[in-house]
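What follows is one structure encoded as structure tokens, with my remarks underneath.
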Amino acid sequence: MKGNNLRIMLLLFLSAMVLQSCSKDAELLSVDESRNERGGDRSGGNNGPNGGNNGPNGGNNDNGNVDRLDNEIVYEWTELLLNLERYAGGMRPNASARALAYISLAGYETAVPGMRGKISNSQLLPGFNIDDNQFERGVNFELALNAAYADVLDHFLLNLPSNLESKIGELEEATEERLTVNMSDRRIRDSKEWGAYVANQVIAYSQTDTEAEAQILQPQPLSYEPPTGDGYWTYSAEQERALFPYWASVRTFVVGTNETTTRPPIPYSENPNSPYFREMEEVYQVNNTARAEDNEQLWIAEFWSDDVEGLMFSPPARQYSIANQLIDQRNLSLEQTLLLYVKLGFALNDAAVSTWKYKYEHMVMRPNVYIHEFIDPNYQTNLYSLIPWPNPTFPGYPSGHSCFASAAAGVFIDFFGNQTNFTDRSHEGRTEFRGAPRKFNSFEQMARENAFSRIPLGVHIRMDCTEGLRLGYEISDGINAYDLSRPNS
């Protein structure tokens, strides 16, 4: 399959990239300038309710209009994004979700002039402006996308190690060299200027969200001290200080926190016969059995973890890994790919804002603390083997992993239908943890497994996961209703 071939070529370009801070990991790979073209019919077809329904826009691009172009340019940039994002310090998961949304917005806006029947988000997002007069009819959309992606990845991927920052420029240069063969100087200039203009407008729009801009610079603010109370989450070391405690004030794209709902958690109790105690006891038993037996539950826990900076990409980025595999498997056109990614990015961003709002409202403790006090003082989470402290550094309810999983699944279901024959190969070949591919028959099944993987990992009780799933689907409903179709198209 072309995706597997491309991954092999990706391995050739960045092989030997070993970070001093992550000596076990030599898998950060980029794009080989001399790679072969990905083969097959790249016309896109009609791969779902959003697929292949928009005709040409009248000759803006002699390589074909956007619905007739293949997804190679987006596929390659997304692969690089995923390889770099796992090393972007201090971003996960909230700043990563936000970055993915703005990067995807830039991709969509760069190509939307070549999409018949689609409108710019500038018609729907207050304060976001794109001047159509900046667009020249001779623009090559792939070259414009190359310029736009380079600029937005460079801006939004924060705190990359210095030896990785150059990978963005290297991919931009190699792709430009391939695309500009026999292209006129004027067309090259116009295409690059359009991509750079859109990227600049997206970056400028992101900077008007002053709350987010401030918080990404100080994700664990010293000014925040959690309230105290029975069953309340707190931290026990400086490394565990609250992460993004004020994220509820960050901009959403489609679904605001006033449009989502929350359900109260099971009441805190220390009674062994209470529902709360039984949920904690379930975590204790499942976590310990998974480790003792090295069973499928431990595989599931580590397969979906995506908790560890430098080792795995973040939970929101994991959904982009899944999406990139799907666009490859379903052979989506460039237009379909960009539409899928902008909706996915908006869903993940808005999921992060609502989830973190409710986390810091409910303040539910992690299992580790409760189990130590009331069940077993020697309890250890299965996450602890991967990070130097036992818990994610924020309250448990609702689960962020679960909300990201169902927010993405809802978008995938709307785009492709629920039933699928899909094998997630996001961590194929990894040996530092259990990353062997897993097969799924529906997107709901995949989201559910992702959500409840947090129980054998030892970091969430069942109610956290159930509520996260519910909230994520609530958000995806709003995203799926977000209509980028041109009226009367």
Side-chain angles (χ1 to χ4, degrees), residues 90-98 211-212 215-216 218-221 223-236 239-252 255-268 276 279-280 283 305-307 314-316 347-370 381 383 389-408 450-455 457-475:
M91 290 188 66
R92 64 184 58 210
N94 304 41
S96 285
R98 178 178 186 261
E211 285 288 344
Q215 292 181 50
I216 60 178
Q218 196 175 22
Q220 291 177 292
S223 63
Y224 181 82
E225 287 293 335
T228 59
D230 288 341
Y232 275 28
W233 174 88
T234 191
Y235 64 96
S236 58
Q239 300 98 317
E240 292 186 6
R241 272 191 171 272
L243 186 68
F244 296 115
Y246 308 120
W247 201 254
S249 60
V250 167
R251 171 189 289 147
T252 56
V255 184
T257 56
N258 63 327
E259 299 172 284
T260 59
T261 62
T262 183
R263 295 178 178 177
I266 297 170
Y268 174 79
Y276 193 91
E279 292 219 348
M280 290 291 183
V283 175
S305 176
D306 298 324
D307 280 294
S314 69
L348 294 169
N349 176 85
D350 294 2
V353 177
S354 277
T355 302
W356 258 250
K357 168 185 168 65
Y358 298 131
K359 279 181 179 291
Y360 286 98
E361 284 185 5
H362 295 300
M363 294 300 295
V364 172
M365 67 164 51
R366 294 282 176 165
N368 184 70
V369 177
Y370 186 94
T381 70
L383 177 61
W389 52 87
N391 292 301
T393 60
F394 38 83
Y397 183 90
S399 159
H401 265 72
S402 306
C403 191
F404 292 132
S406 54
N450 185 347
F452 291 102
S453 71
R454 310 302 283 168
I455 297 174
L457 196 67
V459 298
H460 276 289
I461 56 178
R462 183 169 292 272
M463 72 172 181
D464 302 345
C465 309
T466 301
E467 175 64 2
L469 276 176
R470 186 203 63 80
L471 178 60
Y473 281 122
E474 184 176 86
I475 290 166

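Predicted model, so just to flag it, every value in this text is computed and none were measured. The chain is numbered in sequence order, starting from 1.
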Starting at [atom1] of [X], measure out to [atom2] of [Y] and round the result to the nearest 0.5 Å.
{"X": "Ile216", "Y": "Met91", "atom1": "CD1", "atom2": "CE", "value": "7.0 Å"}
{"X": "Thr234", "Y": "Met363", "atom1": "OG1", "atom2": "CE", "value": "7.0 Å"}
{"X": "Arg251", "Y": "Asp350", "atom1": "CZ", "atom2": "CG", "value": "11.0 Å"}

With side chains defined as the heavy atoms from C-beta onward, is the minimum distance between [X] and [Y] less than 4.5 Å?
{"X": "Tyr358", "Y": "Cys403", "result": "no"}
{"X": "Tyr360", "Y": "Pro395", "result": "yes"}
{"X": "Ser354", "Y": "Glu474", "result": "no"}
{"X": "Thr466", "Y": "Tyr397", "result": "no"}
{"X": "Met463", "Y": "Arg263", "result": "no"}
{"X": "Glu259", "Y": "Thr252", "result": "no"}
{"X": "His401", "Y": "Pro93", "result": "no"}
{"X": "Trp233", "Y": "His362", "result": "no"}

Using modelled atom types only, decide if a donor and an acceptor are shared between the side chain of [X] and the backbone of [Y] within a distance under 3.5 Å.
{"X": "Gln220", "Y": "Gln239", "result": "yes"}
{"X": "Arg98", "Y": "Ala352", "result": "no"}
{"X": "Arg366", "Y": "Val459", "result": "yes"}

If you take all heavy atoms of [X] and [Y], which pair is closest and at what distance?
{"X": "Pro398", "Y": "Glu467", "result": "CB-CG, 3.6 Å"}
{"X": "Val283", "Y": "His460", "result": "CG2-O, 3.2 Å"}
{"X": "Ala451", "Y": "Ser402", "result": "CB-OG, 3.2 Å"}
{"X": "Trp356", "Y": "Leu243", "result": "NE1-O, 3.3 Å"}
{"X": "Ser314", "Y": "Ser96", "result": "OG-CB, 3.5 Å"}
{"X": "Ser399", "Y": "Arg454", "result": "OG-CG, 4.2 Å"}

Query - Passing option when Val353 is tested against Val250, Ile475, Val255 for side-chain contact (heavy atoms from CB on, under 4.5 Å) - result: Val250

Query - Ser249 versus Gln215, side-chain donor and acceptor atoms under 3.5 Å - result: yes

Requested in this report: Show the numbers, then the answer: is there a side-chain contact (heavy atoms from CB on, under 4.5 Å) between Val364 and Tyr370?
Outcome: CA-CA 11 Å; Val364 172; Tyr370 186 94; over 6 Å; no

Requested in this report: Report the C-alpha separation of Leu469 and Phe452 in whole Å, then their side-chain angles, then the decisive distance to 0.1 Å, and conclude whether the side-chain contact (heavy atoms from CB on, under 4.5 Å) test is met.
Outcome: CA-CA 10 Å; Leu469 276 176; Phe452 291 102; 3.7 Å; yes

Query raised in the report: Would Phe244 and Phe394 count as a close aromatic pair, with their ring centres under 6.0 Å?
Result: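 Phe244 vs Phe394: aromatic centres not under 6.0 Å.
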
**Report entry** Worked check of side-chain contact (heavy atoms from CB on, under 4.5 Å) between Arg470 and Thr261
**Finding:** CA-CA 10 Å; Arg470 186 203 63 80; Thr261 62; 3.1 Å; yes

